[in-house]
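First the structure, in the form of structure tokens, and then the observations on it.
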Amino acid sequence: MKSPHPPTAHPHRGFSPVGLENISAVSNYGRGAAHMPLLKDMKESFDIGSEADPRYQNIWPPAGVADTFQPTFTSFFQSCYRAELAILEAISIGVGLSAQTLGQMHAFQTNELRLTHYPEVARGEFAHATRIAAHTDFGTITLLFQDRVGGLQMEVPPGSGCFVDVPSGGRSECIVNVGDCLNKWTGLHSARHRVHLSEQMTEDRVPERFSIAYFAKPDRDVLLRPLLSECSNTGDKYMTADEFQHMRIAGTY
Ligand SMILES: O=C(O)CCC(=O)C(=O)O
Ligand SMILES: [Fe+2]
């Protein structure tokens, strides 16, 4: 392995083989009594942070191995950051905050880009495993890009344990997902989602699937407190974003 992820969840950098991370460790965050089953994830991933992050370095492939990888994804990361700031401005205005409120809390680019490959598997594997277990994203917003294979599902209604397919519009589509931090600031719903067997998948072999998720995260010292007087949040009030990220991710590696 040329760019191994550290053995713990922090920092999210480099390559994680199938079996290293299991998201079901955090599936039950924020849930009431109806607990999700503990299923192993069938995925491998590569995590990239901002080159400007003062705390953590990226773990790039060594020189001579996939030399276009680093410039391609450094540039893509910057494109996602520009999109993030535009979307945060729109959300700020939409919820009644001043236009720069959310953007100002994302100045240091503690964001992460994750490339995920879900290998082809036999359909029967889904009896005791999944592609990525149910979870809410921990950050502010997620920009999700996927191929046309399908399998992304959202919990509807919230807290029910029932998941519906999110149809894939293909590689030019970007799904914007609300994360837990934006939920704490504004009350917008952070949807629980997973990647599992979709209703359309009727063959014995479930084809491989690729996705790219860009996780926009708050600056580490920002407090997660309600920004709108009418929104009611529960639990974890006034943690810093950094404390919250560490708490949420514990146990996944
Ligand atoms: O692969 C996907 O479509 C979703 C991945 C995801 O939800 C995540 O990495 O947080
Ligand atoms: Fe997610």
Side-chain angles (χ1 to χ4, degrees), residues 5 9-31 36 39-49 73 76-77 80 84 87 110-121 125-126 129-156 158 163-183 188-201 206-217 244-245 248-253:
H5 191 287
H10 261 285
H12 259 328
R13 299 287 186 272
F15 175 69
S16 300
V18 176
L20 187 58
E21 185 192 53
N22 288 296
I23 287 291
S24 72
V26 298
S27 281
N28 290 314
Y29 170 77
R31 289 184 71 85
M36 304 296 301
L39 299 173
K40 286 198 178 305
D41 291 351
M42 299 180 284
K43 64 171 176 18
E44 54 186 357
S45 53
F46 196 104
D47 289 297
I48 298 163
F73 285 104
F76 185 63
F77 196 102
C80 288
E84 169 197 334
I87 293 168
T110 45
N111 313 324
E112 282 160 358
L113 186 65
R114 165 167 279 205
L115 319 179
T116 305
H117 173 227
Y118 303 89
E120 182 189 303
V121 285
E125 294 292 318
F126 285 90
T130 188
R131 285 195 145 164
I132 183 167
H135 63 283
T136 53
D137 290 343
F138 318 152
T140 305
I141 53 171
T142 304
L143 309 184
L144 180 65
F145 307 87
Q146 57 171 328
D147 59 22
R148 287 195 175 273
V149 172
L152 179 66
Q153 298 179 331
M154 193 173 99
E155 188 183 42
V156 181
F163 287 80
V164 298
D165 286 335
V166 179
S168 171
R171 287 158 52 168
S172 59
E173 177 186 80
C174 172
I175 294 175
V176 180
N177 199 20
V178 172
D180 295 336
C181 295
L182 186 57
N183 168 259
L188 289 174
H189 177 58
S190 160
R192 187 173 277 100
H193 56 282
R194 67 182 186 184
V195 181
H196 199 65
L197 194 61
S198 90
E199 277 181 15
Q200 276 80 51
M201 292 168 173
V206 179
E208 66 176 350
R209 177 176 182 275
F210 292 90
S211 71
I212 300 178
Y214 171 83
F215 301 103
K217 296 192 174 183
F244 182 71
Q245 298 300 309
R248 285 291 278 116
I249 213 165
T252 53
Y253 271 69

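Just so you know, ligand 1 is whichever comes first in the structure, and atom 1 is the first atom listed for that ligand.
Under the salt bridge (Lys or Arg N to Asp or Glu O under 4.0 Å) criterion, Lys217 pairs with Glu112, not counting sequence neighbours.
Counting only distance, with no hydrogens or angles, the side chain of Asn183 and the backbone of Leu188 share a donor-acceptor pair below 3.5 Å. A distance-only check finds no donor-acceptor pair linking the side chain of Arg192 to the backbone of Asp137 [under 3.5 Å].
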| task | List the steps, then state whether side-chain contact (heavy atoms from CB on, under 4.5 Å) holds for Arg194 with Leu39. | result | CA-CA 11 Å; Arg194 67 182 186 184; Leu39 299 173; 6.0 Å; no
| request: Begin from the C-alpha positions of Arg131 and Thr116 and carry the test side-chain hydrogen bond (donor to acceptor under 3.5 Å, both in side chains) through to its verdict. | output: CA-CA 10 Å; Arg131 285 195 145 164; Thr116 305; over 6 Å; no
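Note that CD of Glu125 is 11.5 Å distant from CG of Leu197, once rounded to the nearest 0.5 Å.
Per-residue contacts place His193 under 4.0 angstrom from the following atoms of ligand 1 (heavy atoms of the residue considered): 7 (O). Each of the atoms 1 (O), 2 (C), 3 (O), 4 (C) of ligand 1 lies under 4.0 Å from some heavy atom of Val195. Shown in contact with Tyr118 at under 4.0 Å from a heavy atom are these atoms of ligand 1, numbered in order with element: 1 (O), 2 (C), 4 (C), 5 (C). Heavy-atom contacts of Phe215 reach the following atoms of ligand 1: 8 (C), 9 (O), 10 (O) (cutoff under 4.0 Å). Residue Ser211 has at least one heavy-atom neighbour below 4.0 Å for each of these atoms of ligand 1: 1 (O), 2 (C), 3 (O).
The nearest N/O/S atom of Asp137 to the Fe ion (ligand 2) is OD1.
Note: no N/O pair closer than 3.5 Å links Gln146 and ligand 1 by distance alone. Some N or O of Asp137 is nearer than 3.5 Å to an N or O of ligand 1, by distance alone. Of the polar atoms of His135, at least one N or O is found under 3.5 Å from an N or O of ligand 1, judged by distance alone.
Here the rule is side-chain hydrogen bond (donor to acceptor under 3.5 Å, both in side chains) with Thr130, and of His196, Lys43, Gln153, Lys40 only His196 fits it.
Phe138 and Phe244 have their aromatic ring centers separated by at least 6.0 angstrom. Under the 6.0 Å cut-off for aromatic ring centres, His12 and Tyr253 qualify, their centroids lying closer than that.
Nearest heavy atom pair, residue Leu20 against residue His5, reads CD2-CB, 4.3 Å.
If you look at Leu144 next to ligand 1, the close heavy atoms, those under 4.0 Å, all belong to the side chain. Counting heavy atoms closer than 4.0 Å to ligand 1, residue Ile132 contributes side-chain atoms (C-beta onward) but none from N, CA, C or O.
Residue-ligand proximity: Lys43 is placed with every non-hydrogen atom at 4.0 Å or more from ligand 1. Note on ligand 1: Thr116 sits outside its first shell, no heavy atom being nearer than 4.0 Å.
Closest to atom 2 (C) of ligand 1 by heavy atom, among Arg194, Arg114, Arg209, is Arg209.
At the Fe ion (ligand 2), the vertex angle linking NE2 of His193 with NE2 of His135 is 90° (nearest 10 degrees).
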